[in-house]
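Below you'll find the structure, written out as structure tokens, and then a few comments.
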Amino acid sequence: MRKPCCDKQDTNRGAWSKQEDLKLIDYIRKHGEGCWRTLPQAAGLLRCGKSCRLRWINYLRPDLKRGNFAEDEEDLIVKLHALLGNRWSLIAGRLPGRTDNEVKNYWNSHLRRKLISMGIDPNNHRPNTINLPRPHHKNSQAVSSTAKLSAGLKTPTNDQPARSRVAIIVTKYRTVQVA
DNA sequence: AATTTAAGCAACCGCGAATAG
DNA sequence: CCTATTCGCGGTTGCTTAAAT
């Protein structure tokens, strides 16, 4: 009863070849999205379903925009991130033609640094207070974000945006999605 | 010109959520 | 309901290319 979703034996991994892309595109054009588990076999691909899904969602889908982010897209991402935190799929849902992976990558490699250079803590979107000494403030939240940057450390939970507000938005979104 | 370091990005992994049976 | 299976998300890795030394 153990049927691993990606058993590693003779399935390809890593970068996709042109032929694999074509097979996947062709199959989905004919049969539509869905049932990623059985797709590889049906499409004649030596990949796990998960890998196929990722490739399609993030790269092959015809409605993808790609290319540089426009300024208004950047603004939107920053605003939505302030509201939602690292909920990339929700954020990407607001940016037509962009994927969560793309938005996430763009945030981590550009936007984050941009905010930091502007003296804004990308975790809470507030001016960085690192340089303002607060003698008797024990549970200081103004931890250097630059220090965490490369290490990729998780931020303490108290840096998160207001949960209640987020929950409402998420619920709303989900309702719309399901309907 | 050769080597090292950093940036950028596609793809992977683990886990929780959703769904099927 | 409960359990097993599949999906989707977010964090992370690792390869490729660009920049610095």
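Residue numbers start from 1 in every chain, and the chains themselves are labelled A, B, ... in the order their sequence lines are given, proteins ahead of strands. Predicted, not measured: the structure shown is a model, and the values here were computed from it.
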Would you please confirm or rule out a distance under 4.0 Å between OP1 or OP2 of [N] and any side-chain N or O of [X]?
X       : N      : answer
A/Arg55 : B/dA11 : yes
A/Trp36 : C/dG8  : yes
A/Ser89 : C/dC9  : yes
A/Arg66 : B/dA10 : yes
A/Asn86 : C/dG11 : yes
A/Arg53 : B/dA11 : no
A/Arg37 : C/dT5  : no

Once you round it to whole Å, what is the distance between [atom2] of [N] and [atom1] of [X]?
X        : N      : atom1 : atom2 : result
A/Asn105 : B/dA10 : CG    : P     : 7 Å
A/Trp107 : C/dG10 : CH2   : P     : 14 Å
A/Asn58  : C/dT13 : CG    : C1'   : 15 Å
A/Asn12  : C/dC15 : CG    : P     : 16 Å
A/Glu20  : B/dA10 : CD    : C1'   : 14 Å
A/Ile91  : C/dG11 : CD1   : P     : 10 Å
A/Lys50  : C/dC9  : NZ    : P     : 13 Å
A/Leu90  : C/dC9  : CG    : P     : 9 Å

Selection from [options] that lies nearest to any side-chain heavy atom of [X]:
X       : options                : answer
A/Arg13 : C/dT12, B/dG14, B/dC12 : B/dC12
A/Tyr59 : B/dA11, B/dC12, B/dC13 : B/dA11
A/Cys35 : B/dC13, C/dG11, C/dC7  : C/dC7

- Query: What's the shortest heavy-atom distance between A/Pro40 and A/Cys52, and which atoms?
  - Reply: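 Smallest heavy-atom distance, with atoms named: CG-SG, 4.0 Å.
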- Does the distance from a Lys or Arg side-chain N to an Asp or Glu carboxylate O, for A/Glu74 and A/Lys114, drop under 4.0 Å?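 The answer is yes: the pair qualifies as a salt bridge.
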- Could I get the full list of side-chain hydrogen bond (donor to acceptor under 3.5 Å, both in side chains) partners for A/Lys30, not counting sequence neighbours?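 A/Lys30 satisfies side-chain hydrogen bond (donor to acceptor under 3.5 Å, both in side chains) with A/Asp26 once adjacent residues are dropped.
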- Query: If only atom types and distance count, is the side chain of A/Arg126 paired as donor or acceptor with the main-chain N or O of A/Ile120 below 3.5 Å?
  - Reply: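 Not confirmed, A/Arg126 side chain does not pair with A/Ile120 backbone.
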- Message: By the 4.0 Å heavy-atom rule, please label A/Asn101 as base, sugar-phosphate, or nothing.
- Response: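 The residue A/Asn101 makes base contact.
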So which protein N/O to nucleotides 6-8 of chain B N/O distances come out below 3.5 Å?
from	atom 1	to	atom 2	distance (Å)
B/dG8	OP1	A/His110	NE2	3.3
B/dG8	OP2	A/Ser109	O	3.1

Among Ile, Leu, Val, Met, Phe, Trp and Tyr joined by side-chain contacts under 4.5 Å, find the other residues sharing a cluster with [X] and list them by chain and number.
X       : result
A/Leu64 : none
A/Leu60 : A/Trp16, A/Leu24, A/Ile25, A/Tyr27, A/Ile28, A/Trp36, A/Leu39, A/Leu45, A/Trp56, A/Ile57, A/Tyr59
A/Leu22 : none

- Message: Taking side chain to side chain contact (heavy atoms under 4.5 Å, CB included) as the definition, give me every residue that meets it alongside A/Ser117, ordered by chain and number, with sequence neighbours left out.
- Response: none
